[in-house]
Structures are given as structure tokens and as C-alpha cells.
2 protein chains.
Amino acid sequence: MSEPTELRDPPQASRRRKPAAKPKGRVTMTDIARAAGCSQATVSFVLNNSPGIRLSQQTRERVIEAARALGYSPPVFSALRPAITPFEGLDGVIGFVVDQLATSPEAVVAIEGARQASWNAGNVLLVAQTMGDAVMEPRAVQALTRRGISALIYMTIFTREIAAPDFLYSLEIPVILLNCYTADYAFPAVVPSEIAGGQSATRHLIGHGHRRIATITGEPWMQAAQDRLKGYRRALATADIPFDPELVVEGDWSASAGYAATVKLLGLKERPTAIFCQNDRTAIGCYEALKEAGLHIPQDISVVGYDDEEIARHLFPPLTTSILPHLAMGQWAIEQLETPPTPGRGRYPITKLECPLVERESVGAVSTQLR
Amino acid sequence: MSEPTELRDPPQASRRRKPAAKPKGRVTMTDIARAAGCSQATVSFVLNNSPGIRLSQQTRERVIEAARALGYSPPVFSALRPAITPFEGLDGVIGFVVDQLATSPEAVVAIEGARQASWNAGNVLLVAQTMGDAVMEPRAVQALTRRGISALIYMTIFTREIAAPDFLYSLEIPVILLNCYTADYAFPAVVPSEIAGGQSATRHLIGHGHRRIATITGEPWMQAAQDRLKGYRRALATADIPFDPELVVEGDWSASAGYAATVKLLGLKERPTAIFCQNDRTAIGCYEALKEAGLHIPQDISVVGYDDEEIARHLFPPLTTSILPHLAMGQWAIEQLETPPTPGRGRYPITKLECPLVERESVGAVSTQLR
DNA sequence: CATCCGTGCTAATAGGTATTATCACATGCG
DNA sequence: CGCATGTGATAATACCTATTAGCACGGATG
């Protein structure tokens with residue numbers, strides 16, 4: 001039994017195991033054990049909650065403490081694997097993290113876009129919610145990254161600039177931002193072109209002969225509200241129509257605010273001939289107020305909305321509105337992954353996708369009215 | 001250098017490596033190597049696509065072939081971990097698989113319910129879609145199970161009996177069926193109580209004095225349509241109202257079918273005083289036809305819907321309808337995971353959750369009409 | 001006082017994967 | 001022919017984690 005050892009001796013001469021400290025990247029159970037002053041086995045027991053093992057609460061806590069402090073994570077072998085391995089069933093999994101899923105349909109639409117785009121390549125999409133919770137968000141992301149995903153799409157339900165959580169920067173996979181962006185342009189990002197959307201909605205009204213066009217805004221601190229208003233002003237300026245502050249009423253995206261704002265607008269000595277409601281809910285309230293005032297849409301007054309919510313097509317008359325391009329945004333995000341294999345993480349411009357106007361029957365020519 | 005060896009000798013005496021065949025459950029790289037006629041190292045190189053390693057295409061293929069044949073999957077340490085570990089970031093991850101996410105809001109609502117219930121325990125929900133695709137479904141499920149989830153919720157968008165995919169049976173984690181069930185009752189399952197829902201909707205109309213109550217069904221092959229109709233008949237029977245086949249018109253869940261069916265009902269020599277539309281879309285068409293006929297809701301005729309879609313509250317008048325309990329179903333599913341730790345996979349009864357009626361303004365007393 | 005446990009942990013080891021240092025073997029070259 | 005050289009694998013080993021078999025020790029017991 002001793003001869004075989006000899007056989008391997010010459011190669012062993014060149015071996016130099018563990019030259020000194022081993023500042024390896026990963027934190028191992030042994031590290032935790034050292035920090036907690038116990039054995040690796042104990043660490044294993046604690047972290048796995050192994051049944052039938054009795055440990056003092058004290059020790060458990062010390063281990064967990066140390067594990068947290070050192071940032072232990074269990075080994076995952078596939079973390080860095082490319083999206084498509086030659087191995088069926090190990091295909092790429094793309095993580096999709098969103099703050100809220102249920103509050104509005106946009107998230108689902110974006111996911112659907114991403115799914116469609118992923119489908120061809122055989123990639124699977126895993127969706128996690130963070131609820132904007134500072135505790136749960138890292139957990140949700142870790143639940144994905146630890147399990148080995150090949151890319152991460154990070155979406156917010158409201159369009160806005162975000163301070164990207166630190167962990168986004170330390171991921172070693174491509175990250176795409178959807179409906180949000182960071183100030184440092186560190187990630188590819190895509191958002192709706194709200195300015196262009198507000199502009200084309202307004203231009204649509206101008207094209208129908210309207211000159212006195214009111215708008216009911218959303219909550220002014222929201223990016224979308226600011227941009228849609230900006231687009232409104234831009235369209236007016238382009239058509240050489242002077243901006244009249246009286247025609248801008250602040251709403252809060254709600255139907256009741258839309259109602260109130262419309263009542264206010266109708267009280268003006270010179271009434272608008274068209275109202276650009278900056279979202280569809282506002283338009284619902286607006287419809288209500290107009291009907292109460294005995295005005296007919298679109299004969300007496302025209303209305304456009306924004307967002308193309310399900311209800312827009314069921315209003316009477318069906319509402320002309322702008323489609324949020326979340327489907328396209330989801331597709332775009334996946335396409336980004338397919339084209340360049342993460343080109344040295346430089347600065348990425350923010351991509352904006354158009355909000356196409358869908359014409360229904362709430363806009364009429366101004367001809368029938370006094371011009 | 002030789003003394004230390006001595007130090008370890010006594011324990012070594014007790015070593016008996018690989019006593020014989022080791023039919024362990026998992027397929028290891030060594031198994032693949034044996035099958036492919038190469039070394040474990042080569043297998044590792046191939047499966048990891050290690051850069052800087054040159055291997056013949058032939059060998060690569062042989063390895064992949066063998067790996068597929070044996071059903072290799074990379075090691076995952078957390079696969080059997082309990083839902084709640086003491087370790088932040090290692091918390092339980094619950095998989096939620098649904099065939100379709102975007103087509104209707106129910107899936108999102110159920111996910112929301114599951115999320116709420118998971119949240120307290122700090123569990124993360126990962127959602128995957130299958131699109132009912134026989135190829136993608138296993139992949140989607142594997143994307144979850146391979147990565148170590150502590151439970152799986154399997155949902156279908158339509159309530160129905162399913163032939164559970166084989167892989168559901170071979171999972172070693174709890175599986176809950178949501179909005180579907182298997183004939184063998186192998187998994188805990190929860191569905192809406194559509195019969196009770198149809199019954200209480202009808203009873204609601206009866207309670208308002210209606211005796212001549214029509215119903216417009218959904219597509220008759222769907223379980224939900226059959227059950228809602230069953231509930232309708234049961235309510236009539238309970239109130240000793242004879243069932244009149246003339247008052248049952250087949251629809252297909254669509255508004256246009258609702259419109260056509262209503263027209264047909266209005267053509268009856270003895271008109272119904274109330275219509276139970278078996279979903280809200282049908283009710284939309286129904287409203288349309290009634291208004292065209294000059295009838296007022298609820299003065300002249302009452303209408304109830306089903307599903308409580310968003311639009312129901314925006315109709316005029318707002319529609320009385322039944323709420324699908326998907327939120328509760330999602331919560332229920334999670335609660336099942338928390339209570340019994342998989343009690344020996346026996347036969348589970350199908351749990352049915354109530355569809356509560358939400359009363360709005362589309363139902364009136366029959367008093368004003370000829371009785 | 002010796003014994004006998006339960007308790008709380010650890011040593012040792014089994015069983016996996018990743019990686020490094022070679023190695024056998026054609027193949028071309030002088 | 002003798003030798004470098006590139007190619008396609010492998011052996012041996014480094015490093016992980018999980019698990020089994022005890023070990024030390026304090027307190028109850030006889």
C-alpha cells in the first residue's frame with residue numbers, strides 16, 4: 001500500500017498547496033466556523049436546520065450572526081453559466097424583478113412581452129416581487145441570483161429614476177432596467193416616451209381643429225405627469241398656440257379628481273373644446289362631469305386619455321388614448337440580452353419607446369362648435 | 001512529512017471507501033463519465049463549458065448525450081430545505097407555476113394572495129409561466145425545482161380537472177393545486193365554489209321577488225359554466241320555481257354572445273324579469289341589448305354578472321356580481337404549506353372557496369313590474 | 001464515590017465538483 | 001531517426017458540504 005504513494009511523488013514535488021492565507025472569493029462554512037468559534041459541522045447543522053441535532057440556542061445565534069456578518073451564501077454551481085448550455089433543462093433562466101405585480105396591469109404586460117421574446121430561445125422567465133420593501137427586495141433578488149440566472153430584468157411600476165440597490169452593481173450577469181433608470185447610466189434602461197406621448201395626444205386634438213385645449217394632470221411629483229405635461233406644452237408651442245395656465249388643472253390620476261377638474265374647466269368663461277386627461281381614470285371622471293353638464297362627446301367637446309386601460313374601450317363613447325408600450329419594453333429588454341454579451345458595462349443611453357395613440361370615438365372635429 | 005501520516009492512521013483503518021455499488025439517488029458526474037467512457041474531469045469540463053479547455057467535438061457530444069440519458073442535474077443543496085430557515089436570504093422560496101399570466105387578472109390576484117400569505121413568514125414567491133406548452137412546462141418547473149424551492153403551487157387559469165404532469169408526482173416537496181385538481185386527489189387542491197356561487201346569485205334575484213329568471217351560460221364544455229348553471233337550477237328548485245329550458249340561453253362568455261342571447265330572451269312571449277349572466281362580459285352585451293330595447297336597469301329588469309371584473313363597477317348601473325375568490329385561494333395554498341408538513345401524501349379532498357356576491361345597483365325588486 | 005446518561009459539540013470521513021499538472025500520442029521537422 | 005510540439009484526455013488533488021460516530025462534561029442516581 002505504500003508503493004503507490006511513491007509513484008506519485010515526483011509530481012508532488014512541484015505541488016505547493018496553500019501557499020499562505022487564502023483570500024478566496026467565497027465565504028465557506030469553515031470561515032463561519034472560525035468566526036463563530038465552532039466547527040464546520042456545527043455550522044452545517046445550524047444553516048441546514050438539520051433535524052435531530054441538538055445545539056444550544058446560543059451557538060445557533062452565534063453561527064447565524066457570523067454567517068450574516070460574513071455574507072455567506074450557499075454554493076451554486078450554475079451562477080455563471082451562459083444562458084444556453086448544450087444541456088437541455090439547464091437552459092437559461094432570466095430573472096424578472098418588479099416591485100408590484102397586482103396593482104396595475106402594466107407589470108403583467110411587460111412580463112408578457114419579455115416572455116414572448118424569451119420563448120423562442122427557450123429561456124424561462126422567473127418573476128419575483130419586491131413590494132418595494134427594503135428587506136424583501138434583496139431576498140427576492142437573491143432568491144433568483146443564488147439559483148443561477150443568466151440575466152436580470154429590474155422593473156418598477158412607476159416610471160422613475162431609481163437609486164439602484166447596491167446588489168445590482170455586484171451581480172455578474174447582465175442587468176436591464178425596465179420603466180426606470182439610474183442617474184449613472186450603469187445599466188441599459190427602457191422607459192416610455194411620455195413627452196412624445198403627451199405631445200402626440202395633444203397634436204391629435206390640434207389636428208382636429210382644436211385650439212383651446214385643456215389638460216388635467218396627474219400627481220405633479222410623478223415623472224410621468226411632468227413629462228406628459230411637457231409634451232402637451234411642446235405640441236401647443238409647435239402649433240403656435242399660446243399656453244394658457246388656466247387650462248391646466250392639477251389632478252391626481254383619480255376619477256374623482258378628473259370630475260372636479262372638469263367641473264372647474266367648464267366654469268371657465270371661455271370653455272375648452274377639448275380636454276387631454278393625462279390618464280384614463282381621470283377621463284372617466286371627466287366623462288361623468290361632461291355628461292352631467294349635458295355635453296356630448298365628441299360633438300360638443302373632445303376628450304383623450306392616456307394608458308389605454310381596459311376600461312377605455314368600454315366607455316361611451318370609446319376613449320381615444322395612448323398605449324403604454326410595456327409589451328414592447330419587455331421584448332426590448334430581452335432583445336438587449338441577446339445582442340451584445342454585456343459590452344464592458346459602460347454608460348448606456350436610456351431607450352425610450354413610443355406610446356402610440358389609439359383612435360377611438362371621443363375626439364371630433366371642432367367645426368360643429370363655435371370656433 | 002511521514003509522521004503526520006501516522007497520526008491519521010488509526011481512523012483510516014476504519015475507512016472502507018465505496019464498499020460496493022452505490023445506487024444513490026442522484027446522478028453524478030462520475031456516473032456520466034462511466035457511461036461516456038471518459039473521466040469525471042472531462043465531464044466537468046464539458047458541462048461547465050470551461051474556457052481554455054480543448055476537447056474533441058466527439059467527446060463533448062458523448063458526454064452531453066450520456067448526461068441527458070442519465071438525467072443529470074447539478075447539485076442543489078437547498079432542494080429539501082424547510083420553508084423557514086433561520087438564515088436571512090436563505091429563506092424558503094415557493095414556486096408558483098401558472099399556465100397563463102397575462103390573459104386574465106385571476107392569476108395575478110391568486111399570486112397576490114399567495115404573496116401576502118408568504119410575506120409574513122419571509123418567504124419569497126417565484127412565478128413561472130408554462131403557457132400550457134408541453135415542452136416549456138417541464139422546463140419552467142425544472143427551472144424552479146432544480147434551484148431548490150421548498151414548495152410548489154400549480155395553477156391553471158381555467159378551473160378544471162387536470163392530468164397532472166408526471167413530474168409533479170416525483171417532486172419531493174409539497175405541491176398544491178390552485179384552481180384545478182386531479183382525479184386521484186393526490187394533491188391538496190382548491191377551486192372556487194361555482195355551484196354555490198351560481199346558486200347564491202340566483203337566490204339573490206329570487207330574494208328580490210323575481211320568479212322568471214333567465215340565465216346566459218358560458219361555453220358549456222367548461223366546468224365553470226356547468227357548475228354555475230347547476231347552482232342556478234339548484235336555487236330555483238330550492239325556491240320551488242319550475243325550471244324553464246327556454247330561459248337558459250347558451251353563450252360563450254363574450255359580450256357579443258351576451259347581446260345576442262339577451263335579444264333572444266326579450267323576444268320570448270313571457271319575458272324574464274331578471275337575467276343571470278354567467279360572467280361580466282356577457283353582462284356587458286346584455287346591458288347593451290337591454291338599453292337598446294328601451295329597458296332600464298334595474299327598474300324594468302335586473303341583471304347579475306359573475307367574476308367581478310374591474311369593469312363591473314364602471315358599468316351603468318354598476319353590476320351586481322360574484323367575486324372569484326382567487327385572492328383567498330392563493331392565501332389558502334400558502335396556509336396549507338404552513339400547517340401540516342406533508343402528511344404522507346394520501347388523498348386530499350378538494351377545497352372549495354365561496355364566491356361572495358357583491359351587491360351593486362343592477363338588481364331591483366320586481367314589485368314595479370307586472371308580477 | 002462510581003456510574004449512567006443526556007447535552008452540546010467536534011473529529012473524521014463520505015461523497016461531490018473544479019482545477020492543475022501531466023501524459024500519451026500523433027505529427028511535422030531537421 | 002531523434003526531438004519538439006500541439007492535441008485531447010486524465011490522475012491527482014484542492015475544496016466544499018453533509019453526516020456519522022463519538023467525546024467531554026455536568027448532574028442525577030444508586
Side-chain angles (χ1 to χ4, degrees), chain A residues 4-19 22-34 36-63 67 72-81 148, chain B residues 4-5 7-34 36-63 67 72-81 90 148:
Chain A
T5 339
E6 202 62 13
L7 190 149
R8 292 291 319 232
D9 248 356
Q12 276 186 348
S14 72
R15 265 184 241 153
R16 187 103 332 209
R17 301 276 162 63
K18 284 186 190 169
K22 55 154 185 29
K24 284 303 226 23
R26 284 202 48 248
V27 176
T28 104
M29 287 192 178
T30 311
D31 298 331
I32 298 173
R34 193 158 31 233
C38 67
S39 72
Q40 173 266 322
T42 304
V43 174
S44 174
F45 291 144
V46 171
L47 295 188
N48 291 314
N49 228 339
S50 305
I53 296 286
R54 278 186 311 257
L55 296 171
S56 69
Q57 194 55 34
Q58 218 181 71
T59 304
R60 282 182 194 277
E61 280 165 14
R62 254 198 350 264
V63 168
Y72 175 81
S73 62
V76 169
F77 293 89
S78 47
L80 299 176
R81 276 180 188 166
Chain B
T5 339
L7 192 148
R8 294 286 318 252
D9 247 355
Q12 276 185 347
S14 71
R15 260 183 244 154
R16 185 101 339 204
R17 300 270 164 68
K18 283 180 191 169
K22 54 156 183 29
K24 284 303 226 26
R26 285 202 48 250
V27 176
T28 102
M29 286 195 178
T30 310
D31 298 331
I32 298 173
R34 193 157 31 234
C38 66
S39 71
Q40 172 265 323
T42 304
V43 174
S44 174
F45 291 143
V46 171
L47 295 187
N48 291 314
N49 228 338
S50 304
I53 296 285
R54 279 185 312 256
L55 295 170
S56 69
Q57 194 55 35
Q58 220 182 68
T59 304
R60 280 181 195 279
E61 280 166 14
R62 255 202 344 270
V63 169
Y72 174 80
S73 61
V76 170
F77 291 89
S78 45
L80 298 177
R81 277 182 186 167
L90 259 185

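Just so we're on the same page: letters track the sequence lines, and every chain starts at 1.
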Inset, instruction - Go along nucleotides 5-10 of chain D 5' to 3' and tag each nucleotide: B for a protein heavy atom under 4.0 Å from its base, S when only backbone or sugar atoms are that close, - otherwise. - result: --BBSB
Show every donor-acceptor pair shorter than 3.5 Å between a side-chain atom in residues 36-46 of chain A and any protein atom, with sequence neighbours excluded, or say none if there are none.
{"residue": "A/S39", "atom": "OG", "partner": "A/A41", "partner atom": "N", "Å": "3.4"}
{"residue": "A/S39", "atom": "OG", "partner": "A/T42", "partner atom": "N", "Å": "3.2"}
{"residue": "A/S39", "atom": "OG", "partner": "A/T42", "partner atom": "OG1", "Å": "3.0"}
{"residue": "A/S44", "atom": "OG", "partner": "A/N48", "partner atom": "ND2", "Å": "3.3"}

Legend entry - Length of the line joining A/M29:CE and C/dC9:P, which is rounded to integer Å: 17 Å
Inset, instruction - To the nearest Å, give me how far apart CD (A/E61) and P (C/dG8) are. - result: 14 Å
Inset, instruction - Report yes if at least one side-chain N or O of A/T30 is closer than 4.0 Å to OP1 or OP2 of D/dC15; otherwise report no. - result: no
Inset, instruction - Quick one: pull up CG in A/D31 and CZ in A/R34 and give me the separation to the nearest 0.5 Å. - result: 5.0 Å
